There are 2 protein chains.
Amino acid sequence: MHSLSDDIFSTLLESILSDQIAAGERLPSERELAKRFSTNRNTLREALQRLEHLALIGIRHGQGITVQDYRKTARFDCIAPFLVHAQRPEERFRMIEDLLRVRSRILEMCVELAASRASEEDIQRIAELIDAQLVHHQDNDRDALMRTEIAMIDAIVDASHSLMARWLANTLLDVYNDFSPHTAEMWVADESFPSYLASLRKAIAEHDAGTAASITRSYYQSIDATIIRVLEELLHSATLEA
Amino acid sequence: MHSLSDDIFSTLLESILSDQIAAGERLPSERELAKRFSTNRNTLREALQRLEHLALIGIRHGQGITVQDYRKTARFDCIAPFLVHAQRPEERFRMIEDLLRVRSRILEMCVELAASRASEEDIQRIAELIDAQLVHHQDNDRDALMRTEIAMIDAIVDASHSLMARWLANTLLDVYNDFSPHTAEMWVADESFPSYLASLRKAIAEHDAGTAASITRSYYQSIDATIIRVLEELLHSATLEA
DNA sequence: CTTGACAAATTGGTTGAACCAATGCAGCAT
DNA sequence: ATGCTGCATTGGTTCAACCAATTTGTCAAG
């Protein structure tokens with residue numbers, strides 16, 4: 001699962017995202033880097049190519065390799081590694097805060113699309129997964145609930161019949177997977193959880209896109225506010241420790 | 001700007017995204033592919049690595065290279081190349097339709113963040129760019145208007161002081177840049193354009209995030225409906241030709 | 001002393017061959 | 001029929017050399 005070039009990539013990735021190498025700084029030559037990592041140029045170059053495609057470094061023929069200012073140049077897919085490696089607590093906090101905003105808006109869109117485009121099979125599957133969640137919620141089975149919630153979101157994305165939604169969701173799932181060790185405390189359920197799910201099922205079954213979107217919007221507004229409150233406390237205690 | 005491995009990458013990318021190679025199909029070995037592209041394994045592998053990181057192919061040691069079902073596996077950053085290479089008109093149409101939804105929601109979020117977080121300098125710069133747009137609009141200078149609108153959006157993203165927003169915007173700008181030859185007809189301005197800009201400037205200056213977001217939402221709802229109407233006509237005529 | 005051209009050094013880009021390592025399969029032994 | 005073994009195929013890594021873009025240093029002309 002992890003090749004040599006993966007390791008080199010990860011090492012350099014961490015160096016950059018944790019600001020151990022400043023933006024604008026020049027890296028040693030490929031030959032020199034290959035020596036330092038005890039490997040050859042080809043394998044090293046694989047790692048460098050990846051960093052370049054993430055817009056973390058710039059490689060120019062005859063000139064060398066420079067570290068870019070990833071805060072300005074990076075793309076959406078840099079979020080997962082950034083959350084893993086970023087050092088400043090307040091920057092991580094803001095990233096998560098803004099990520100929640102994006103998540104709720106994307107989910108709102110997916111739900112809206114799913115409600116308008118879902119087939120009978122889609123509706124059936126979503127309803128089943130909602131029922132399963134309600135059972136897990138009553139049983140207080142946290143793990144099963146988390147798994148089923150992911151599965152339901154996946155089903156909703158499928159039901160939206162949108163490549164756009166699927167690809168966006170994949171990117172967000174990457175963030176979730178890479179970051180899941182730290183997301184346990186972020187998985188909060190509001191008291192309105194069961195009624196939200198029931199309304200959602202009904203809205204999707206009736207192809208009522210407007211209602212589906214608006215209840216999702218307001219539910220996540222509430223959830224996200226709770227999560228941010230929890231994170232603020234964590235940030236405060238971390239700041240006090242430092 | 002285009003190295004040999006870039007060319008190979010583009011060629012394979014097009015083959016996959018235009019469905020010339022079906023999902024699940026197996027590609028020839030690296031040695032064989034290198035021969036066909038008249039190059040060596042190392043250079044060829046650079047191209048393959050890129051395709052793998054886009055989740056378009058899967059490379060497994062000892063087993064070979066298989067084309068993935070990109071409609072299920074791809075990420076957000078696949079949108080630009082997909083719009084360039086995709087063949088089915090109705091699939092392109094739906095992608096653009098959904099992309100507009102995402103754009104308006106992201107912009108709404110950026111405007112909301114910018115309104116709450118903008119510094120005095122940010123507000124000043126945005127106001128200047130809005131004024132410039134109003135002038136260009138009155139002069140009917142379409143090119144200058146498009147450029148200035150991009151610059152304003154960029155300033156708004158900066159004013160949001162959000163890595164999230166910046167990185168999302170970079171991804172969307174990639175789509176715009178790669179797809180801009182085809183976007184001319186998509187650049188429509190509603191009659192409410194000047195009044196929207198004026199309200200936006202006021203809302204941001206007053207840090208009124210709610211108003212800024214809601215007027216942006218409704219403005220883009222109107223714009224996007226127009227764009228979709230135009231595209232539907234194009235789709236219809238294309239379907240009739242075929 | 002300044003300026004321009006040219007040559008050398010440095011750096012990334014490409015090449016080809018060889019070897020290591022994971023996988024799948026065919027043939028053989030049971 | 002089953003399970004093992006060894007071979008063929010395939011990706012992963014390494015090495016050494018050369019090509020090509022860029023920068024830098026040097027020297028000659030002004």
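Throughout, protein chains are lettered first and strands after them, A, B, ... in sequence-line order, and every chain is numbered starting at 1. Quick caveat: nothing in here was measured; it's all calculated off a predicted structure.
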Lys/Arg-Asp/Glu bridge criterion (N-O < 4.0 Å) met for A/R105, B/E112: yes
Sequence neighbours excluded, which residues qualify as side-chain contact (heavy atoms from CB on, under 4.5 Å) partners of A/A86? A/F82, A/R92
Grab the two heavy atoms, one from A/M109 and one from B/D98, that are nearest each other, plus how far apart they are. SD-O, 4.4 Å
Taking side chain to side chain contact (heavy atoms under 4.5 Å, CB included) as the criterion, tell me which of A/R101, A/E108, A/R103 meets it with A/Y220. A/R103
Walk along nucleotides 8-17 of chain C from 5' to 3' and tag each nucleotide B, S or - by protein heavy-atom contact under 4.0 Å, base first, then sugar-phosphate. ---BBBBBB-
Could you tell me how far apart A/F37 (CZ) and D/dT14 (P) are, to the nearest whole angstrom? 13 Å
Look up atom OG in A/S29 and atom NZ in A/K35, then write down how far apart they are to the nearest 0.5 Å. 7.5 Å
